[in-house]
Amino acid sequence: MFTLETGMTDEFLTRLNEYEQQRYAKMLRVRERGINPYPLRAPRTHTTRAVIDAFTRGETLTGAQIAGRLIALRDMGKLTFAHLHDGAGKIQLMFRKDQVGAEQYTMLVKEFDLGDFIGVTGDVIQTKTGEITIQVARFELLAKTLAPLPEKFHGLKDTEQRYRQRYLDLLSNADVKKIFVARSKIVTAMRAYLDAHDFLEVETPALQALYGGAAAQPFITHHNALDRDLYLRIADELYLKRLLIGGFERVYEISKDFRNEGIDHTHNPEFTMMECYQAYGDYTTMMTLVEEVYAACALAANGSLAVTRGEHAIDLTPPWRRVTMRDLIAETSNVDIYACPDLGSLNARIEELNLKVQRHPTWGKMVDELFGTFAEPTLIQPAFVMDYPEEISPFAKKKPENPKIVERFEAFGGAMELGNAFTELNDPYDQYTRFIEQGAQRAAGDKDAHELDWDFIQALMHGMPPTGGLGIGIDRMTMLLTNQESIREVIIFPQLRT
RNA sequence: GGGCCGGUAGCUCAAUUGGCAGAGCAACAGCCUUUUAAGCUGUGGGUUCAGGGUUCGAUUCCCUGCCGGCUCACCA
């Protein structure tokens, strides 16, 4: 049992449990030896990986300096084996009492703990069992660890602790680290693709006086100096389009959007979206872009266009299936939405077939309900679902032959939405009537419907070229490419609590 | 927001019908010069999520709250 020394009763210590107090006492004893337990610098000449690679190539390494965290200590009396972990991997260390000196050796055994950062210098050898090992000549403490790390064999499983103390999750569960490495590669590959295709990366406001560009409720915040409420953006769309009006022909933004909605395994209140707009393109241009970006990101993350989703093997190789929403709904529910062009006839057809679906106040929302219920779950292999109801797509251009339908597609794979794109609406009067229509839906109780954004109409009045626009959710893309069922596994600090 | 399930040692998990709260790892005191989930001997470690109730007695049964998981609703 460890007893605190006199004078060591400050408030910090009262917060420590028994294990932490033991380590704190060890830290003090190290300090009494004249050693700084938190030195300012850590010299190192090699990573663990570099040492192993060099040895494997047959190079003789003497006096290699490495640094990292102690993750195992096996004290055998006058000989101690340890493992040291750094960002590149891990390597075994061998401390011999007759080599490092009795005083140092005792400090190692008595005062060092699992989790401590140490630096070692020594020659690289192989043990009897063939493991590449640093035979330590000198070592030093680089940073004392006061809190014990999770037990190494079972790892950390408590979900709440995994997300709230993600650093422990990353230390304990090697696969978790791989997910975030893959995510980084995905984003890098996406940027590289867009940059190589002459898209300009821009940054638009996250704090907005009027939010828009998607159907969602916003977070509201307050600016003190202006003494007014501002919204956190729910989409980048309306600002990026203003840039096309200003003469940029290809722009993109990768940023957080914020939507004040429920939290579940596919929704986090803040999430990362890539939006891009290409002048003189349309939604078919964006289909090609989606196929190519997904291929580039899949190769970067996995080195392959094949991904696994539960029991399903998914092939991302272009070209992806292209199917109209009309055909897909007809195929999966036996309803031809074009033969039922208004809410009354559509509802009659649904009753006739005795379909169990929720009812909605507009034709467009009923079509979306049929799609979500019957069609979406079947979309395992990648596919573009084309031509959506105008009523649920206020920023997409109508099809000339059918004004109830717009040129919009959503990409699907693994029964998840992978992207959303339009032939962008650039007719200011039509855009105005869409806002008025949205206003009516809002008045009828739809909290997600748009408010009139006259500033945006004014921008369109100055002329926007024919344009294709696209949004890809980075989190869901990462879920698909890393075979994760929960968005929390691909967001490094997810929002908790349902 | 609704329904169902859960919260026990630093970590992973047990605990019979309501009857002394345990194990492995980790820790502490020792032994050990080729181990690698090292081994051996010994020791300590608990507000059983919090608060209330029933009971001779509650980890266990009931109520409330907090936190989390799954699911439905909302929502891409």
Side-chain angles (χ1 to χ4, degrees), chain A residues 1-3 16-23 25-26 71-84 90-100 105 109-110 113-115 125-133 135 145-165 168-169 171-173 213-217 234-235 257 259-269 271 273 358 360 365 368-369 371-372 376 385 388 392-393 410-412 415-420 446-448 471-473 475-476 479 485-488 494-498:
Chain A
M1 181 71 120
F2 162 66
T3 309
L16 304 189
N17 67 27
E18 183 193 342
Y19 293 83
E20 293 160 348
Q21 291 187 0
Q22 277 170 3
R23 286 172 177 240
K26 290 179 177 184
I71 55 164
L73 260 179
R74 294 180 292 278
D75 168 20
M76 322 236 346
K78 298 186 181 64
L79 173 72
T80 293
F81 287 100
H83 271 99
L84 179 142
K90 66 176 181 178
I91 194 166
Q92 181 166 258
L93 310 177
M94 185 172 78
F95 299 84
R96 290 172 55 159
K97 190 173 184 178
D98 55 9
Q99 284 185 328
V100 301
Y105 188 85
V109 170
K110 293 290 182 186
D113 290 297
L114 299 186
I125 60 161
Q126 263 178 312
T127 59
K128 276 183 184 172
T129 57
E131 180 161 354
I132 298 169
T133 299
Q135 184 163 260
T145 300
L146 293 183
L149 300 178
E151 185 243 336
K152 60 196 170 192
F153 187 61
H154 293 93
L156 181 67
K157 290 186 178 164
D158 180 72
T159 315
E160 183 182 2
Q161 203 178 2
R162 281 190 52 225
Y163 296 146
R164 288 198 198 279
Q165 294 177 272
L168 297 180
D169 191 29
L171 286 170
S172 304
N173 302 315
Q217 294 183 61
I234 60 171
D257 288 344
R259 298 187 185 174
N260 207 337
E261 296 162 352
I263 299 169
D264 63 27
H265 67 105
T266 57
H267 296 81
N268 197 65
F271 61 100
M273 181 74 90
Q358 201 177 326
H360 296 276
K365 290 195 172 190
D368 198 37
E369 176 73 24
F371 174 74
E376 193 173 331
V385 179
Y388 277 59
I392 58 170
S393 314
E410 291 187 304
F412 289 87
M416 271 196 307
E417 187 214 316
L418 306 180
N420 182 24
D446 182 355
K447 289 177 182 167
D448 297 337
I472 291 178
D475 311 284
R476 292 190 181 174
M479 286 170 70
E485 294 293 330
S486 171
I487 199 168
R488 293 193 183 102
Q495 188 65 43
L496 298 185
R497 199 167 161 224
T498 309

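Lettering follows sequence order; numbering is per chain, from 1.
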Kindly say if Q161(A) contacts the phosphate of rC11(B), meaning a side-chain N or O under 4.0 Å from OP1 or OP2.
-> yes
Residue among R488(A), R162(A), R164(A) satisfying salt bridge (Lys or Arg N to Asp or Glu O under 4.0 Å) with D169(A) = R162(A)
Quickly work out the Q21(A) CD to rG10(B) P distance and round it to whole Å.
-> 13 Å
For atom P, what is the distance between rU17(B) and rG52(B), given to the nearest Å?
-> 29 Å
Interatomic distance, H360(A) NE2 vs rA73(B) P [rounded to whole Å] = 10 Å
How far does CD1 of I392(A) sit from CG of D368(A), to the nearest 0.5 angstrom?
-> 4.0 Å
Whole-Å C1' distance, rG53(B) and rU60(B) | 15 Å
Ranking Q126(A) and P148(A) by the position along RNA chain B of their nearest nucleotide, the one closer to 5' is P148(A)
dist T133(A):OG1 -> M94(A):CE (nearest 0.5 Å) comes out at 7.0 Å
Considering only heavy atoms from C-beta outward, does the side chain of K97(A) approach that of L79(A) to under 4.5 Å?
-> no
Rounded to whole Å, the CG-P distance (L149(A) to rC25(B)) equals 18 Å
Could you measure between the two P atoms, the one in rU48(B) and the one in rG10(B), and give it in whole Å?
-> 12 Å
rG46(B): pairing nucleotide in any strand, Watson-Crick or G-U under 3.5 angstrom = none
Of the candidates rC75(B), rG45(B), rU34(B), the side chain of E261(A) sits closest to rC75(B)
In whole Å, what separates the C1' atom of rC62(B) from that of rC25(B)?
-> 37 Å
Whole-Å gap separating P (rC75(B)) and CZ (R476(A)) | 14 Å
Value in whole Å for how far the C1' atom of rG1(B) lies from CG of D264(A) | 14 Å
Taking atom P in both rC49(B) and rU16(B), compute the distance separating them and give it to the nearest angstrom.
-> 15 Å
Please determine if a side-chain N or O atom of R74(A) lies less than 4.0 Å away from the OP1 or OP2 oxygen of rU35(B).
-> no
When you compare rA14(B) with rA23(B), how far apart are their C1' atoms, in angstrom units rounded to a whole number?
-> 7 Å
Complementary nucleotide for rU54(B) - Watson-Crick or wobble, under 3.5 Å = none
Using only side-chain N and O atoms of Q358(A), determine if any of them is under 4.0 Å from OP1 or OP2 of rC74(B).
-> yes
Starting from P on rU33(B), measure out to NZ on K128(A) and report it in whole angstrom.
-> 12 Å
Any K26(A) side-chain nitrogen or oxygen under 4.0 Å from OP1 or OP2 of rC28(B) | yes
Side-chain-base donor-acceptor pair under 3.5 Å for D75(A) and rC32(B) | yes
Please give, in whole Å, the distance from rU33(B) C1' to L93(A) CG?
-> 16 Å
Give, for atom OH of Y388(A) and atom CD of E410(A), the distance between the pair rounded to the nearest 0.5 Å.
-> 3.5 Å
With a non-hydrogen cut-off below 4.0 angstrom, is K447(A) in contact with a base, only sugar-phosphate, or nothing?
-> nothing
If rG1(B) has a Watson-Crick or G-U wobble mate with both distances under 3.5 Å, name it; if not, just say none.
-> rC72(B)
Here the distance between atom P of rG69(B) and atom NE2 of H267(A), to the nearest Å, is 16 Å
Map L114(A) and K78(A) onto RNA chain B by nearest heavy atom, then report which one ends up closer to the 5' terminus.
-> L114(A)
Distance, nearest 0.5 Å, that separates CG of L84(A) from CG of L93(A) | 5.0 Å
Could you pull out all residues at least two apart from D98(A) that satisfy side-chain contact (heavy atoms from CB on, under 4.5 Å)?
-> R96(A)
Between rU35(B) and rG45(B) - C1' atom distance, rounded Å = 28 Å
Any N or O donor-acceptor pair linking the side chain of E131(A) to the base of rU34(B) at under 3.5 Å?
-> no
Ignoring backbone atoms, establish whether K365(A) has a side-chain N or O less than 4.0 Å from OP1 or OP2 of rC74(B).
-> no
Presence of donor-acceptor pair under 3.5 Å, side chain of T80(A) and base of rU35(B) | no
Is there a Watson-Crick or G-U wobble partner for rU60(B) with both distances under 3.5 Å, and if so, which one is it?
-> none
Does rU33(B) have a Watson-Crick or wobble partner in any strand here, with both distances under 3.5 angstrom, and which is it?
-> none
Paired to rC25(B) by Watson-Crick or G-U wobble criteria (both distances under 3.5 Å) is rG10(B)
Rounding to the closest angstrom, what is the interatomic distance between rG19(B) and rG2(B) at atom P?
-> 34 Å
